[in-house]
Amino acid sequence: MKVIRLRAGKDRSLLRRHPWVFQGSIEKGKADAGETVRVESAEGQFLCWASYSPESMIRVRAWSFDEHERIDAAFFQRRIAAAIALRARMPIASDAVRLIHGEADGLPGLIVDRYGDTLSAQFLSTGTERFKNVIADLLLEATCLTRLYERSDANVRTLEGLQPVTGWLRGEGDTEVVIAENDWKLSLDVAEGHKTGYYLDQRDNRKKFADVVRHYGCQSVLNCYSYTGGFSVAALAGGATEVVSVDSSGPSLARATAHVALNGFDPARHTALDADVNHTLRDLLKQGRSFDAIVLDPPKFAPTAAHAERAARAYKDINRLGLMLLKPGGLLFTFSCSGGVGPELFHKIVAGAGMDAGVDGLILDRVGATPDHPQTLYFPEGEYLKGLLILKR
Ligand code: SAH
């Protein structure tokens with residue numbers, strides 16, 4: 001077993017159970033891509049078993065802090081079983097669930113979503129890449145399923161020196177799947193959809209949106225960055241009579257339109273707008289339009305804290321326009337999925353947007369990701385999705 005020796009004082013974060021070691025913290029030791037290594041402090045004390053990634057800034061990702069544990073098939077079986085057992089205890093109103101959420105489930109670099117009878121997985125680190133076949137078989141065994149589609153085409157793989165890989169890893173067939181989320185039917189394509197196919201982290205917020213649209217009697221709804229229209233279906237379910245979905249992806253909008261019919265809603269209540277949100281918000285203002293509720297769920301503007309400043313301006317701008325387009329008494333459901341923008345900063349940005357728009361608002365709710373996307377106490381990078389539900393006074 002190869003040993004990675006850390007520099008003096010660089011053991012602190014592993015001792016606090018943070019699972020990453022950066023390149024600069026390593027005194028000596030090398031291994032192959034994905035090889036399991038023993039990580040020791042400068043004094044030679046055992047810190048963790050980990051996978052080694054020779055090309056990544058995150059050189060080491062911890063598998064286990066238990067010196068007696070072996071990193072073998074049985075280890076992966078235990079971690080997978082624990083993650084799935086946890087999901088079974090969670091209140092999840094869907095047959096589409098995130099089964100493995102990377103670091104939070106003790107499996108850094110592994111993302112696995114279940115969509116009905118199909119698994120869709122991302123192997124994002126050299127460690128998960130090395131154990132891919134073992135993990136794939138164990139996942140199918142643990143879920144009693146036969147199909148696993150690989151979506152290892154996320155950009156972060158390049159930082160690991162890994163090529164993108166997509167396709168059926170186990171099983172075969174149609175990549176189109178229909179799932180039941182809350183009270184709705186939604187379709188997705190595990191080969192063509194974003195990430196693993198769909199954004200499961202917003203499941204509870206879509207339900208919440210349907211509820212507030214009903215409670216507050218919202219009629220007109222603008223869903224910005226709609227993707228396949230999850231929040232639009234929620235708005236229609238909540239009784240909205242006029243819903244506009246805006247996205248710059250044509251195929252996603254086509255699916256949003258299909259979802260309106262799939263759920264039995266009158267197509268006349270929904271409009272799909274293939275456009276840039278920034279332009280659309282300005283155009284709608286010029287046209288004098290206004291809405292009872294607006295959703296802003298943009299893509300990640302700030303992947304890391306280094307991008308936070310530019311991202312803050314972009315968030316502020318869309319939130320300012322969104323608040324201006326709301327009718328008095330209307331609701332803004334606004335999100336950021338940028339890891340580099342924390343909840344406090346996001347609150348400040350939206351407050352700044354309110355100031356610039358000259359409107360007063362009340363925070364009715366603060367929300368995060370669904371529980372199947374958990375965060376450990378010791379890994380702050382795990383917090384990414386945050387949202388505010390704001391009432392315009
Ligand atoms: N709210 C969605 C997920 C949104 S993901 C859900 O509940 O499923 C972000 C979406 O923003 C993607 O569909 C992407 O196509 C879209 N997008 C990114 N930049 C955009 C832009 N400038 N204008 C419009 N849409 C954009």
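Start at 1 and go down the list; that is how both ligands and their atoms are numbered. Throughout, residue positions are numbered sequentially from 1 according to the sequence presented.
Every atom of ligand 1 with a heavy atom of F231 under 4.0 Å away is listed here by number and element: 1 (N), 7 (O). In summary, the atoms of ligand 1 found under 4.0 Å from a heavy atom of Y227, numbered by their order in the structure, are 2 (C), 3 (C), 4 (C), 8 (O), 13 (O). Shown in contact with A275 at under 4.0 Å from a heavy atom are these atoms of ligand 1, numbered in order with element: 23 (N), 24 (C). Shown in contact with H194 at under 4.0 Å from a heavy atom are these atoms of ligand 1, numbered in order with element: 12 (C), 13 (O), 14 (C), 15 (O).
A pairwise comparison of heavy atoms in L321 and N278 identifies CD1-O, 4.5 Å as the closest pair.
Side-chain N or O atoms of E242 include none that pairs as donor or acceptor with a backbone N or O of R269 at under 3.5 Å. Remark: side-chain polar atoms of K386 are not paired, donor with acceptor, to backbone N or O of C337 under 3.5 angstrom.
For atom 23 (N) of ligand 1, the nearest non-hydrogen atom of the protein is V277 N, 2.9 Å. For atom 22 (N) of ligand 1, the closest non-hydrogen atom of the protein is D276 OD1, 2.8 Å. Scanning the protein for heavy atoms near atom 26 (C) of ligand 1, the closest one is S248 OG, 3.1 Å. Summary of contacts: the protein heavy atom closest to atom 6 (C) of ligand 1 is R206 NH1, 3.4 Å. For atom 19 (N) of ligand 1, the closest heavy atom belonging to the protein is P299 CG, 3.8 Å. Looking at atom 14 (C) of ligand 1, its nearest protein heavy atom turns out to be D247 OD1, 3.5 Å. Atom 1 (N) of ligand 1 has its closest protein heavy atom at D297 OD2, 2.6 Å.
Using a 4.0 Å cut-off between heavy atoms, C224 makes no contact with ligand 1 at all. Looking at Y199 against ligand 1, only its side chain comes within 4.0 Å, counting heavy atoms.
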* Asked: Would E40 and R5 count as a salt bridge (charged side-chain N to carboxylate O under 4.0 Å, His left out) if you check the C-alpha gap in whole Å, the side-chain angles of each, and the deciding distance to 0.1 Å?
  -> CA-CA 5 Å; E40 295 182 352; R5 179 70 60 94; 3.3 Å; yes
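The aromatic rings of F346 and Y315 sit perpendicular to each other, their planes meeting at more than 60°, with 30° as the lower class boundary. Ring geometry for F22 against W20 counts as perpendicular: the plane angle is over 60°, on a 0 to 90° scale with 30° as the lower cut.
With respect to E103 and R17, no salt bridge is recorded, no charged nitrogen being found less than 4.0 Å from a carboxylate O. A salt bridge between D211 and K208 is absent, with no side-chain N of the basic residue lying under 4.0 Å from a carboxylate O of the acidic one.
Among F335, F301, F333, Y225, the residue whose heavy atom lies closest to atom 4 (C) of ligand 1 is Y225.
In this structure, S249 is part of the shell of residues with a heavy atom less than 4.0 angstrom from ligand 1.
Only one option out of D105, T196, D113, D201 pairs with R98 in a side-chain hydrogen bond (donor to acceptor under 3.5 Å, both in side chains); it is D113.
If you look at W184 and F265, their ring centroids are not closer than 6.0 Å.
Geometrically, ligand 1 and S252 share no nitrogen or oxygen pair separated by less than 3.5 Å.
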